[in-house]
Amino acid sequence: MKILFSHQNFPAQFGEFALYLARAGWEVTFATAAEQARPLPGVSILQMKPPRDPAKDAHRLAYPMERMALNGQGFARAALAASRQGYVPDIVVAHAGWGSGTFAKAVWPEVKYAPYAEWYYRYPYIDAVDDPDPKHAEDARAHALARNAPMLLDLVEADFVHCPSRFQAEQFPTHIRERMTVMPDGVDLGAHAPSENPELPDNAKGVPPDAEIVTYATRGMEPHRGFPQFMQALEILQKKRPKLHAIIGGEDRVAYGRQLPDGMTWKTRMLAELDLDPERLHWPGLLPRSQYTRLLQSSHVHVYLTVPFVLSWSFLEAMSTGCALVASDVAPVREVADDQTEALFCDLNSPEDIANRIDRLLSDRDRANALGAAARGRVLRDFDRRWVFPARARLLSDVVRR
């Protein structure tokens, strides 16, 4: 079975599954625009590159389509070059909505196409941080539709559509949702497991041995992932718990949502606005996998905050590690964990409520340990890649055989 994965980034959502298929005897190729992509064992790299950046003067509503067309052209050129060398995949699995595989059937008309569908924009935006402005509702609805146009092109050509959660699938129109297969990405329970003798990440060695460790991990420090509210909760907790130390993994940037004006970051802003003890704040940066696992293993309470949006991999990985979790009470979290059983849910917009939940688990270690054990059990039951990967491989094999 010849499978071609295609994603602008690498290894992204497909890397571990690609490795699994290669070990199972599939012929696996990965098309990517990431310039530093290193081949995985048994996985060939097909480098693709858009011919140029989208035009700066492109119409705002046409910009998503221009970006898709340029990415799609980069994919098609790489695919045509491979085709001239005799390469024809049985199935192409692509990250939908970016052009990464949109023109797969233009190159190989008989190939099966299986887009991985992550997000469909609706207005009012369910993940909005601010209330919508009714004065611009018509424009915002048009903008949402334009942002979905590349995704819709992928779905028109699809032989199989994979969506990783019910919550994400529910954002799509009903007639599209009915064609989707909802299946999680899968979690490596061996790599993300509790440790009896945890070691702090290398960049967080200033934490004293008797510290109460609260952890938070993110790609970018932004309101979408509750960073300001977390810092406000820390201000409350530092005054109440003198042994509390926070280890905050991630980059000082915005991954989702708008940038602050004048080059200010949310980290800079919160440190300037709040009365915090900097000696009890630790910033190890964006952590490599092994160090990130040590962060989770060292945690007494791990905090995951988000608006209703795509669930971060980090939440399921924290569950798998057996962390005592405080998490936003939003639909994507409720889909994978139960309040009071596998986590304590909190109001994202109430730093006092976040602080109270953290305080409760720091004060009741038996309760915290029970929640962590239950969280790992839930991942073992519902998200273990030892069943997810074989099941997904069977589905893709069936699509090809049809």
Side-chain angles (χ1 to χ4, degrees), residues 1-50 71 74-83 85-101 104 107-108 111-118 160 162 164 183-193 219 286-294 296 310 312-314 316-317 320-321 379 383-397 399-400:
M1 193 78 73
K2 294 182 181 179
I3 187 167
L4 172 62
F5 291 100
S6 187
H7 201 300
Q8 296 305 112
N9 299 318
F10 181 87
Q13 290 94 335
F14 302 147
E16 293 298 325
F17 184 48
L19 279 171
Y20 168 83
L21 293 180
R23 288 192 293 266
W26 291 45
E27 183 180 318
V28 183
T29 305
F30 199 124
T32 181
E35 295 180 357
Q36 304 301 320
R38 296 179 179 179
L40 301 169
V43 179
S44 301
I45 298 296
L46 181 64
Q47 201 70 48
M48 60 184 184
K49 184 179 181 180
N71 288 339
F75 166 83
R77 287 178 174 179
L80 283 167
S83 180
Q85 300 297 317
Y87 177 69
V88 180
D90 296 303
I91 188 166
V92 174
V93 175
H95 188 211
W98 298 91
S100 302
V107 179
W108 300 293
V111 76
K112 299 296 185 181
Y113 185 49
Y116 176 98
E118 265 199 301
F160 175 84
H162 171 215
M183 180 179 287
D185 291 320
V187 178
D188 186 344
L189 276 89
H192 302 98
R219 280 200 302 155
L286 194 65
L287 295 166
R289 177 65 57 181
S290 60
Q291 298 292 312
Y292 163 68
T293 302
R294 286 163 61 175
L296 295 178
V310 177
S312 304
W313 297 334
S314 67
L316 290 172
E317 290 162 352
S320 179
T321 309
V379 173
F383 303 100
D384 188 348
R385 66 170 53 172
R386 288 176 296 183
W387 72 259
V388 171
F389 283 4
R392 192 187 305 176
R394 286 194 298 272
L395 286 170
L396 295 178
S397 296
V399 171
V400 172

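Both backbone and side-chain heavy atoms feed into the values below; hydrogens, waters and symmetry mates do not. No experiment lies behind these values; they were computed from the predicted model shown.
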[X] side, atom [atom1]; [Y] side, atom [atom2] - distance, nearest 0.5 Å:
| X | Y | atom1 | atom2 | result |
| --- | --- | --- | --- | --- |
| Asp188 | Arg289 | CG | CZ | 9.0 Å |
| Leu189 | Leu316 | CG | CG | 10.0 Å |
| Arg294 | Leu287 | CZ | CG | 9.5 Å |

Within the distance-only criterion (no hydrogens, no angle test), does the side chain of Ser320 pair as donor or acceptor with the backbone N or O of His192 below 3.5 angstrom?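 Between the backbone of His192 and the side chain of Ser320 there is a qualifying donor-acceptor contact (under 3.5 Å).
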Return the set of residues passing side-chain hydrogen bond (donor to acceptor under 3.5 Å, both in side chains) with Ser312 (not counting sequence neighbours), or none when no residue passes.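 Ser312 satisfies side-chain hydrogen bond (donor to acceptor under 3.5 Å, both in side chains) with Arg225, Tyr304 only.
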Return the set of residues passing side-chain hydrogen bond (donor to acceptor under 3.5 Å, both in side chains) with Gln291 (not counting sequence neighbours), or none when no residue passes. Asp202
Give me the atom names and distance for the closest heavy-atom approach of [X] to [Y].
| X | Y | value |
| --- | --- | --- |
| Ala78 | Leu46 | O-CD1, 3.9 Å |
| Val111 | Pro89 | CG2-O, 3.4 Å |
| Tyr113 | Ala104 | CD1-CB, 4.2 Å |
| Ala193 | Thr321 | O-CG2, 3.6 Å |
| Ala94 | Ser100 | CB-C, 4.2 Å |
| Ser6 | Gly101 | OG-N, 4.3 Å |

Could you pull out all donor-acceptor pairs under 3.5 Å where a side-chain atom in residues 17-33 meets a protein atom, sequence neighbours excluded?
{"residue": "Thr32", "atom": "OG1", "partner": "His7", "partner atom": "O", "Å": "3.2"}
{"residue": "Thr32", "atom": "OG1", "partner": "Gln8", "partner atom": "O", "Å": "3.4"}
{"residue": "Thr32", "atom": "OG1", "partner": "Asn9", "partner atom": "O", "Å": "3.1"}
{"residue": "Thr32", "atom": "OG1", "partner": "Ala34", "partner atom": "N", "Å": "3.0"}

Mind checking whether Lys2 and Val88 have side chains closer than 4.5 Å, heavy atoms only? no
Taking C-beta and beyond as the side chain, do Val43 and Phe5 meet within less than 4.5 Å on heavy atoms? no
Run the salt bridge (charged side-chain N to carboxylate O under 4.0 Å, His left out) test against Arg77 and tell me which residues pass, sequence neighbours left out. none
Can you pull out every salt bridge (charged side-chain N to carboxylate O under 4.0 Å, His left out) where at least one residue sits in residues 90-99? Sequence neighbours excluded, please.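 Qualifying pairs: none.
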Per-pair distances, 0.1 Å, donor-acceptor, side chain in residues 390-397, under 3.5 Å, sequence neighbours excluded:
{"residue": "Arg392", "atom": "NH2", "partner": "Pro184", "partner atom": "O", "Å": "3.2"}
{"residue": "Arg392", "atom": "NH2", "partner": "Asp185", "partner atom": "O", "Å": "3.2"}
{"residue": "Ser397", "atom": "OG", "partner": "Ala393", "partner atom": "O", "Å": "2.9"}

